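Note that the structure is predicted; figures quoted are calculated from it, not measured.
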Amino acid sequence: MGDGTPRFVLSIDGGGFRGLACLQILRHLTEDITGDDETPPCQIFDLICGTSTGGLIAILLGRFGLTCKEAIKVYKELGATMFGGEADWGRIWRDIIQGDRLSSTMFEKKLEEITERYTGRKDALMKPGKRDPDTIVHESTKTFVTVVSTIGSAGVDAYRIRSYPRPRGGVDPSPDDHGWTIFEGVRGTCATPLYFPPLQIQSGRTSYTFQDAGSSGFNNPAKIAINEAEKLFAYDATITLVSLGAGLRNLLKDGQFALGAREEVTEKHVESYTQQILSITEKLVTKIHNAPEVAKRVAHQLLEVATDTEISHLHVSAQFESQDQQQNYHRFNPPQGLGDIELADCSKEVEITETTRAWLNSADGKHDISLAVDKMKLHYELQQT
């Protein structure tokens, strides 16, 4: 992160349907930078990445080149097929506690439809080649999403499914000769273990399985984004990182964060979150003899994801500060309200929108947005001249 050519990087956390808040924040930021509602983020950012539903958003913005307004519409279309427009949380938590996963059939069908809508083919590649062209013509930004293998990769690193050639020092997921499609990239990064079965890739007689990287410590891909940007761009490039969160910190309520404080924060709230899950399911889990133990395990996993997300933010913030570059890191993560909305509840669109808007109009929200706008607007205007 030197003092050369400015490079703008966008990193988007996983957060279930609450990822809608990320798009609304980005729409506000983009309008302030460009002065209109029609400029796609791919004309502002050099690299866009995401994990889980953040990965889906990254592809909508980076690979498809949509405006925020268009991406919000598509995101709501896809979100409704993941869990249904009116989520029955008693049934969903019962299924999770029983170890059942939700069907991904409707989501996959809609995903193919949307991929074909924007690229002309439902099997369009993440990294298009001369022999496999599609109708997306913009080349203004690079895009990747994260996945992990279901065997042996947790806590080590996340694979990156890219829309561009692998940079020097980068690693592609196996099989080595596999041409990843947009469908596979989205399906793999959104395969959250609690909800969806993993993505399976077949190569000869060998089967490879991939899932959302969020449960393996990479729900906030900001560190990965910086690592990738340093591989992609000149060594002296000045990297400005915009990181979008979906309010997962709210799950921890009054948790006080410090580097290395994972157990202290997670265990403090796991019991109350367990009781919240059991109260939602009520009589539906009475026949499951170990329901409290399973609910506690699920609560611990979700809270650990929330903790990892915040600790990743602290690490990235410290990295920028150590290089006297703190003015180049902008984290947007609404601190109030979103934590009371279940991650997959598509029926809470109005609540997510209003909560996000309230934060954007607050003194803190306006201050945070203005800092990023001041940093990015001048460079954007220079690019347009």
Side-chain angles (χ1 to χ4, degrees), residues 1-15 21-22 25-26 28-30 32-34 41 44-51 54 58 141-142 146 217-250 252 255-262 265 306-336 356 359-383:
M1 295 183 284
D3 55 3
T5 304
R7 297 290 186 175
F8 295 109
V9 178
L10 175 63
S11 170
I12 311 168
D13 294 6
C22 297
I25 292 169
L26 184 63
H28 189 95
L29 178 65
T30 301
D32 281 0
I33 291 172
T34 66
I44 299 173
F45 293 95
D46 300 286
L47 177 66
I48 300 177
C49 73
T51 291
T141 193
K142 295 176 171 60
T146 64
F218 306 104
N219 195 62
N220 176 350
K223 290 191 293 184
I224 298 174
I226 291 298
N227 178 270
E228 187 80 357
E230 290 174 341
K231 289 182 171 69
L232 282 171
F233 306 128
Y235 73 94
D236 63 342
T238 298
I239 297 171
T240 295
L241 175 65
V242 173
S243 174
L244 302 178
L248 289 190
R249 174 174 179 166
N250 302 161
L252 297 157
Q256 296 299 311
F257 289 91
L259 296 180
R262 174 200 306 271
V265 174
T307 306
D308 283 336
T309 298
E310 188 65 14
I311 289 176
S312 292
H313 154 58
L314 294 178
H315 277 294
V316 171
S317 180
Q319 180 180 350
F320 275 87
E321 187 172 356
S322 70
Q323 299 177 23
D324 198 25
Q325 299 266 330
Q326 56 266 41
Q327 74 279 4
N328 293 333
Y329 176 55
H330 306 278
R331 172 72 170 170
F332 301 108
N333 192 25
Q336 301 293 332
T356 306
W359 178 78
L360 286 168
N361 288 324
S362 70
D364 287 343
K366 289 179 179 179
H367 176 263
D368 291 350
I369 289 287
S370 67
L371 290 177
V373 170
D374 290 345
K375 177 69 180 178
M376 303 173 70
K377 188 172 183 177
L378 178 60
H379 178 67
Y380 174 78
E381 291 174 344
L382 288 173
Q383 284 184 313

Closest contact, heavy atoms only, Gly217 versus Ser312: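 Minimum heavy-atom contact is O-OG, 4.3 Å.
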
Polar side-chain atom of Ser317 near backbone of Leu314 as donor-acceptor pair, under 3.5 Å: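 Checked: no pair found.
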
Side chain Thr51, main chain Phe218, donor-acceptor under 3.5 Å: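 Looks like yes, one N/O pair under 3.5 Å.
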
Side-chain heavy-atom pair [X], [Y] within 4.5 angstrom cut-off:
| X | Y | result |
| --- | --- | --- |
| Trp359 | Phe332 | yes |
| Phe8 | His379 | yes |
| Ile48 | Leu10 | yes |
| Phe45 | Leu26 | yes |
| Arg331 | Val242 | no |

Non-neighbouring partners of Tyr329 that pass ring pair (Phe, Tyr, Trp, His ring centres under 6.0 Å), sequence neighbours left out: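 Per chain and number, Tyr329 pairs via ring pair (Phe, Tyr, Trp, His ring centres under 6.0 Å) with His313, Phe320.
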
Candidate list Ile239, Leu47, Val9, test side chain to side chain contact (heavy atoms under 4.5 Å, CB included), partner Ile226, passing option: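 The passing option is Ile239.
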
Spacing of Ile44 atom CD1 and Tyr380 atom OH [to the nearest 0.5 Å]: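 Those atoms lie 6.0 Å apart.
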
Residue pairs involving residues 219-229 (criterion salt bridge (charged side-chain N to carboxylate O under 4.0 Å, His left out); sequence neighbours excluded):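 Only Arg160-Glu228, Arg162-Glu228 qualify under salt bridge (charged side-chain N to carboxylate O under 4.0 Å, His left out).
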
Intermediate values then yes/no, side-chain hydrogen bond (donor to acceptor under 3.5 Å, both in side chains), Thr309 and Asp13: CA-CA 8 Å; Thr309 298; Asp13 294 6; 4.9 Å; no

Side chain to side chain contact (heavy atoms under 4.5 Å, CB included) between Glu310 and Asn333, worked out: CA-CA 10 Å; Glu310 188 65 14; Asn333 192 25; 4.0 Å; yes

Side chain to side chain contact (heavy atoms under 4.5 Å, CB included) between Thr238 and Thr5, intermediate numbers included: CA-CA 6 Å; Thr238 298; Thr5 304; over 6 Å; no

Donor-acceptor contacts, no H, no angles, side chain residues 366-377, under 3.5 Å, sequence neighbours left out:
residue : atom : partner : partner atom : Å
Ser370  : OG   : Lys366  : O            : 3.2
Ser370  : OG   : His367  : O            : 2.7
Lys375  : NZ   : Asn328  : OD1          : 2.7

Thr240/His330 under side chain to side chain contact (heavy atoms under 4.5 Å, CB included): CA gap, chis, key distance, verdict: CA-CA 8 Å; Thr240 295; His330 306 278; 3.9 Å; yes

Residue pair Ser11 / Ser243, side-chain donor-acceptor N/O under 3.5 Å: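 Ser11 vs Ser243: no donor-acceptor pair found between side chains.
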
